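These notes concern the structure reproduced below.
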Amino acid sequence: MGRGGAGVNLHSKPAGSAGTLSRGPGRLLIAVYGVFALAATARAAFQIATKFSEAPLAYTLTAFAALVYVFATVSLSRSGRRWYRLSVAAVGIELVGVLTIGTLSVVDPVLFPADTVWSVYGRGYGFVPLILPVLGLWWLYRHRRTVAT
């Protein structure tokens with residue numbers, strides 16, 4: 001398929017620039033990822049510093065989630081095909097993480113004596129951790145043609 005139709009970028013910025021993914025709802029998506037990056041990082045830092053021995057797996061997973069959110073925030077705000085692919089990977093890892101940890105925390109709650117960001121599919125955060133990667137992957141898929149090839 002040619003470069004016409006929905007793939008046309010009428011802005012002065014080249015295709016795949018940060019402007020194509022971070023306009024309109026994309027800005028909100030990046031902002032939500034930024035908020036979750038800060039929240040998960042602060043939560044993990046506090047938990048690891050003050051009570052790591054109580055639930056080391058849960059607190060380590062929260063720190064991992066924080067790193068994923070930080071990386072997703074950065075990659076979503078960058079331009080180019082490489083950053084686009086890294087965004088897809090980060091948001092995909094996030095989805096796998098929330099589905100895996102969410103399911104394990106429901107099936108065997110003993111594994112997680114303390115909640116992680118992704119426990120029970122992000123119940124402690126209003127299930128946003130479950131919805132966010134779905135929206136993120138949808139947004140990335142929807143803009144796949146505007147990324148430089």
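Heavy atoms only: backbone and side chains are in, while hydrogens, waters and symmetry mates are out. Remember, predicted model here, so these are calculated numbers, not experimental data.
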- prompt: Below 4.5 Å, heavy atoms only, C-beta onward: do Y125 and R43 meet side chain to side chain?
  reply: yes
- prompt: Are the side chains of Y69 and T41 in touch, meaning some heavy atoms are under 4.5 Å apart?
  reply: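 No, their side chains stay 4.5 Å or more apart.
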How many angstroms lie between [atom1] in [X] and [atom2] in [Y], if you round to the nearest 0.5 Å?
X: L137; Y: L132; atom1: CG; atom2: CG; answer: 9.5 Å
X: L140; Y: Y84; atom1: CG; atom2: OH; answer: 5.5 Å
X: L135; Y: R142; atom1: CG; atom2: CZ; answer: 12.0 Å
X: W118; Y: T100; atom1: CH2; atom2: OG1; answer: 9.0 Å
X: E94; Y: Y33; atom1: CD; atom2: OH; answer: 3.5 Å
X: R144; Y: W139; atom1: CZ; atom2: CH2; answer: 13.0 Å

Kindly give the heavy-atom pair with the smallest separation between [X] and [Y], and that separation in Å.
X: A65; Y: V117; answer: CB-CB, 4.3 Å
X: V98; Y: Y121; answer: O-CD2, 3.6 Å
X: V120; Y: S105; answer: N-OG, 2.7 Å
X: S119; Y: A114; answer: OG-O, 4.4 Å
X: V91; Y: P133; answer: CG1-O, 3.4 Å
X: L130; Y: V134; answer: O-CG2, 3.6 Å

Count I, L, V, M, F, W, Y as connected when their side-chain heavy atoms are under 4.5 Å apart, and connections chain through other members. Are [X] and [Y] then in the same cluster?
X: V106; Y: V128; value: yes
X: L67; Y: V70; value: no
X: V96; Y: V68; value: no
X: L28; Y: F127; value: yes
X: L95; Y: F36; value: yes

query: What residues join W83 in its hydrophobic cluster, counting side-chain heavy atom gaps under 4.5 Å, either direct or through other members?
result: F71, V74, L86
Give every donor-acceptor pair under 3.5 Å between a side-chain atom in residues 52-64 and any protein atom, sequence neighbours left out.
unit_1 : atom_1 : unit_2 : atom_2 : d
T60    : OG1    : P56    : O      : 2.7
T62    : OG1    : A58    : O      : 3.2

